[in-house]
Amino acid sequence: MASNKLPLSFYQQSNVVQLSKKLIGKVLCTQINGKLTSGLITETEAYRGYDDKASHASGGKRTQRTETMFKNGGISYVYLCYGIHHLFNVVTNTANKPDAVLIRAIKPLQGKETMLQRRNASANSPSLTAGPGRLSQALGITTANDALPLTGSTLWIEDRGDTFSDDMITAKPRIGVDYAGDHASRPWRFFIHDSAWVSHK
DNA sequence: GCGGCGATCCACT
DNA sequence: GTGGATCGCCGCC
């Protein structure tokens, strides 16, 4: 199949909120430990570092962990949450503008057997890949995959021509960011309205 | 050096 | 609906 990976220019757009919506319907792929797995992105959240109390890079806060977010867009940002879950983000915008999109849910497309094994599951149901910790586990993504180029051959995103119009996408406040005060209510979580493959129905 | 706390998930009541 | 798992990050002052 011809490569239809999203180009670097896609990730370097400056409006991370718009970009979060555009990532809905794209296909996230990994080739890890020799296994190809992929899924249609059904849910995303935008984190805008310089002006977002919910972001790790809030106010442009630069630390060892957030350094990845300050790099040029088009790479991964993977970090460990609650000591257990590896959460996968797409770094966007250009260098020194710490924006990222958290991928919160996918619908499995390729490598379902591999995903079932990695998740220790027996049925292809939304609990397999709906939720940021779940999809990372299903795709084999860990913090070892942090700061990898999304134009490479380990971790990438394709456009396979599936488009979703604005009225098929719902915008709601983000999940698990109550600590962010007034910014917690920003409608920066996007998901396919009628899809079963989303977290927090 | 150390303590509190997560962009979560699962099992149990 | 509630709580435990589990560990790296960050700020302490």
Side-chain angles (χ1 to χ4, degrees), chain A residues 11 16-21 23-24 28 39 41-71 73 75-93 97-108 115-148 150 155 157 170-192 196-201:
Chain A
Y11 300 105
V16 68
V17 179
Q18 281 293 110
L19 209 145
S20 290
K21 199 198 277 191
L23 278 170
I24 301 284
L28 176 61
I41 298 173
T42 53
E43 179 177 350
T44 63
E45 283 181 1
Y47 288 86
R48 195 170 69 186
Y50 59 87
D51 173 33
D52 183 1
K53 293 181 206 165
S55 171
H56 293 158
S58 173
K61 185 172 65 177
R62 236 178 154 121
T63 66
Q64 187 149 21
R65 178 174 62 161
T66 64
E67 195 59 32
T68 302
M69 295 177 75
F70 286 84
K71 298 187 181 183
I75 61 173
S76 61
Y77 171 47
V78 183
Y79 75 97
L80 188 66
C81 186
Y82 294 98
I84 304 174
H85 305 291
H86 300 264
L87 270 53
F88 170 73
N89 298 251
V90 173
V91 176
T92 72
N93 215 328
K97 292 176 181 166
D99 293 349
V101 178
L102 171 68
I103 309 300
R104 287 194 57 89
I106 61 172
K107 174 183 169 186
M115 296 193 205
L116 288 170
Q117 283 174 18
R118 285 173 175 155
R119 293 273 301 130
N120 194 25
S122 55
N124 183 21
S125 76
S127 66
L128 191 63
T129 54
R134 291 167 171 171
L135 77 87
S136 296
Q137 188 181 17
L139 294 176
I141 298 171
T142 69
T143 50
N145 302 303
D146 180 53
L148 283 184
L150 298 176
L155 191 53
I157 302 177
T170 302
K172 283 281 195 283
R174 293 168 291 179
I175 304 295
V177 296
D178 292 346
Y179 58 85
D182 51 320
H183 291 182
S185 60
R186 289 175 167 182
W188 286 0
R189 170 183 178 234
F190 300 96
F191 57 95
I192 299 173
W197 299 89
V198 300
S199 67
H200 291 257
K201 282 291 291 182

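Just so we're on the same page: letters track the sequence lines, and every chain starts at 1. Predicted model, so just to flag it, every value in this text is computed and none were measured.
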Exercise for review: Could you tell me which residues satisfy side chain to side chain donor-acceptor pair (under 3.5 Å) with A/His56, sequence neighbours excluded, listed by chain and number?
Suggested key: A/Tyr77
Review point. A/Ile84: what forms a side chain to side chain contact (heavy atoms under 4.5 Å, CB included) with it, not counting sequence neighbours?
Key: none
**Study point:** Atom P, compared across C/dT6 and B/dC2: separation rounded to whole Å
**Key:** 22 Å
Practice item. Could you name each residue pair satisfying salt bridge (charged side-chain N to carboxylate O under 4.0 Å, His left out) that touches residues 50-60 of chain A, not counting sequence neighbours? Key: A/Arg48-A/Asp51, A/Asp51-A/Arg186, A/Asp52-A/Arg174, A/Lys53-A/Asp182
Point to revise | Test item: A/Thr44 side-chain N/O and A/Val101 main-chain N/O as donor-acceptor pair under 3.5 Å | key: no
**Study point:** Flag, side chain of A/Ser76 to backbone of A/Leu155, donor-acceptor distance under 3.5 Å
**Key:** no
Practice item. Return yes if some donor-acceptor pair links the side-chain N/O of A/Thr63 with the main-chain N/O of A/Thr66 below 3.5 Å, else return no. Key: yes
Exercise for review: Just jot down the side chain to side chain donor-acceptor pair (under 3.5 Å) partners of A/Asn89, sequence neighbours excluded, or say none.
Suggested key: none
Review point. How would you give the extent of chain A contacts on DNA chain B, as first and last nucleotide 5' to 3' within a 4.0 Å heavy-atom cut-off?
Key: B/dG6 to B/dC10
Check your understanding: For A/Ala196, which residues count as a side chain to side chain contact (heavy atoms under 4.5 Å, CB included) partner, sequence neighbours excluded?
Key -> A/Pro126
Review point. Can you name the side chain to side chain donor-acceptor pair (under 3.5 Å) partners of A/Tyr47, sequence neighbours left out?
Key: A/Glu45
Study note, to complete from the structure: Heavy-atom contacts, protein to nucleotides 3-13 of chain C, under 4.0 Å, summarised as B (base), S (sugar-phosphate only) or - (none) per nt, yield --BBB-SSS--
Check your understanding: Please, which pairs that meet salt bridge (charged side-chain N to carboxylate O under 4.0 Å, His left out) have at least one residue in residues 117-136 of chain A, sequence neighbours excluded?
Key -> none
Revision key, fill the gap. The side chain to side chain donor-acceptor pair (under 3.5 Å) partners of A/Ser185 (sequence neighbours excluded) come to none
Exercise for review: Rounded to whole angstrom, note down the P distance from C/dG1 over to B/dA7.
Suggested key: 22 Å
Review point. Hey, does A/Arg119 reach any base, or is it just sugar-phosphate, or nothing, if we go heavy atoms under 4.0 Å?
Key: sugar-phosphate
Exercise for review: Determine whether A/Pro108 and A/Trp197 make a side-chain contact, defined as any pair of heavy atoms from C-beta on separated by less than 4.5 Å.
Suggested key: yes
Review point. Taking DNA chain B as the partner, which of residues 133-143 of chain A come within under 4.0 angstrom of it by heavy atom?
Key: A/Gly133, A/Arg134
**Study point:** Secondary structure string for DNA chain C (Watson-Crick or G-U under 3.5 angstrom, | for other-strand pairs)
**Key:** |||||.||||||.
Point to revise | Any donor-acceptor N or O pair under 3.5 Å, side chains A/Asp146, A/Thr68 | key: yes
